[in-house]
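Everything on this sheet refers to the single structure shown next.
Computed from heavy atoms alone, side chains included, the values below leave out hydrogens, waters and symmetry copies. Just so it is clear, the model here is predicted, and its values are computed rather than measured.
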Number of protein chains: 2
Amino acid sequence: MSPSYYSQFPKFHVAVDCIIFGFEQGHLKVLLQKRPFEPHRGEWSLMGGFVKADEDIDDAAQRVLNQLTGLHDIYMKQVGAFGNVSRDTGNRVISVAYFALVNIERVNAELNHGNSAYWEDMEKLPPLLFDHKEMIQSALKKLRAMIGHMPISFQLLPKLFTLTQLQMLYEAILGQKIDKRNFRKRVSEMTFIEKTNQVDKLTSKRGAALYRFNVETFNQEPIFKL
Amino acid sequence: MSPSYYSQFPKFHVAVDCIIFGFEQGHLKVLLQKRPFEPHRGEWSLMGGFVKADEDIDDAAQRVLNQLTGLHDIYMKQVGAFGNVSRDTGNRVISVAYFALVNIERVNAELNHGNSAYWEDMEKLPPLLFDHKEMIQSALKKLRAMIGHMPISFQLLPKLFTLTQLQMLYEAILGQKIDKRNFRKRVSEMTFIEKTNQVDKLTSKRGAALYRFNVETFNQEPIFKL
DNA sequence: AAAAAAAGTGTTCAAGTGACACTACTTATT
DNA sequence: AATAAGTAGTGTCACTTGAACACTTTTTTT
């Protein structure tokens, strides 16, 4: 038994698939693309890619996200490994799913439209390749479990946002209405969600105060409950 | 671009590693073994194995669990994929970790001692192979998040158990003391944790009522909060 | 009969959660 | 100048949940 004891065992293609969430006009969205190669070319699918020989899986996910969106250093969370024998009908491929939360406007500036990428509303997902819908559902479940404890949802919003936007975001992710006064009460307890003196006048005649997430204040007292 | 488009990409050994939790004498334990092959033969490690070419990853985890313990159809939960380039110093191996909860007595009857398997207390883990300690920590974190909502902890106990045992189990998993009266109050609200008329006299002179988890009652009203 | 050992049992207070409806401000329209 | 339109913003109360807390009961052993 030399170090090549391993070599008696089969090897597999390993891919990463990215569930890239965005938020626009009160709707939670996912970035989909038409698969650019055979088999199943042209079907709607998540953005994915094969892991390279000298690459950590986490890094592969970052690379794939970057290829599509141009973004670097985005927080990505592993959803899990999907490894049924017949999940990929082309060949045996084990895929590790990751999700990311991104600001749609920042991404659209950089989107490589040669990829025919498209933001699809989570409520209106078309049929998707293989088990990609299952991956999205798992990712959403994980996201729902996390947003109450970790301030990750701000990644989906512009730097400055109104409390109505923030509330609509939570409603979209959780899939349920939230009481406005209770929501704002909780927000006001988080000192790191701070009011600026700027006003957004796009959606109301009165105008709404713009808020910002202050990382430094959060690091001093990282207690988050929404 | 034929169906062998995939073939330009590298392939990897894919393994599963099993975190097998047990509970004995008030302590949460993990089943470890001395690695039976090179490299690193003899180091303490989780029970693992390579995925076969025609095998779902979930099935591979079940197979590995069965090889070591003889148990079938045990609930296993995926912890995640561990895929850093240098996690396995022997060769690139991507490993998917799973955890299972088993009854130690049932397992010990079947344990293949040729594997030199050993139940180690979670508080006293020795240095472990590669990233196995990290896998165990992730598994414990996941377990902690689950036991409050799902009645999985009963897998760790004998069919009949006392409330003191059940409480010690929760204390061991959560790593903190629980108030006895509050705990028993909550248990008494779960009608599917039912008192038998049998009594355990091993640990007290008075004797303690033995309880059982009733699956049928649980299925009728699957609301679990502990 | 007394001591030992763990089982079993309620109440009270604080905190958190959820339900609920009107006023304030600005702009556009007449 | 008045009013209509449209969203922002604001407090209270009832209820539920969670946390703290100590003594009595039962049986066996000495």
Roughly how far, to the nearest 0.5 Å, is CG of L210(A) from CG of D200(A)?
5.0 Å
Once you apply a heavy-atom cut-off of 4.0 Å, does T162(A) come out as touching a base, just sugar-phosphate, or nothing?
nothing
Classify the ring geometry between W44(B) and Y118(B) as parallel (under 30°), tilted (30 to 60°) or perpendicular (over 60°).
tilted
Give the ring-plane orientation class for F218(A) versus F213(A), where under 30° counts as parallel, over 60° as perpendicular and anything between as tilted.
tilted
So with a 6.0 Å cut-off around [atom1] of [X], is the heavy-atom count from everything else above 12?
{"X": "R63(B)", "atom1": "CZ", "result": "yes"}
{"X": "E105(B)", "atom1": "CD", "result": "no"}
{"X": "K142(A)", "atom1": "NZ", "result": "yes"}

For K185(A) and Y211(A), take the nucleotide of DNA chain D holding the closest heavy atom to each; which residue's nucleotide lies nearer the 5' end?
Y211(A)
Are F154(A) and F161(A) an aromatic pair by the rule of ring centers under 6.0 Å?
yes
Which atoms form the tightest heavy-atom contact between A100(B) and I74(B), and what is the distance?
CB-CG2, 4.0 Å
Using a 4.0 Å cut-off to any heavy atom of chain B, which nucleotides of DNA chain D are the first and last in contact, reading 5' to 3'?
dA19(D) to dT28(D)
Tell me which residues in residues 189-208 of chain A put a heavy atom below 4.0 Å from DNA chain C, sorted by number, or none.
K201(A), K205(A), R206(A)
Name every residue in residues 171-182 of chain A that has at least one heavy atom under 4.0 Å from any atom of DNA chain C, in order of residue number, or write none if there are no such residues.
D179(A), R181(A), N182(A)
Evaluate the side-chain hydrogen bond (donor to acceptor under 3.5 Å, both in side chains) criterion for residues S95(A) and D17(A): first the C-alpha distance (whole Å), next the side-chain angles of each, then the deciding distance (0.1 Å), finally the verdict.
CA-CA 7 Å; S95(A) 181; D17(A) 284 301; 2.6 Å; yes
side-chain hydrogen bond (donor to acceptor under 3.5 Å, both in side chains) between E216(A) and Q220(A): does it pass, once the steps are laid out?
CA-CA 6 Å; E216(A) 287 76 27; Q220(A) 283 159 36; over 6 Å; no
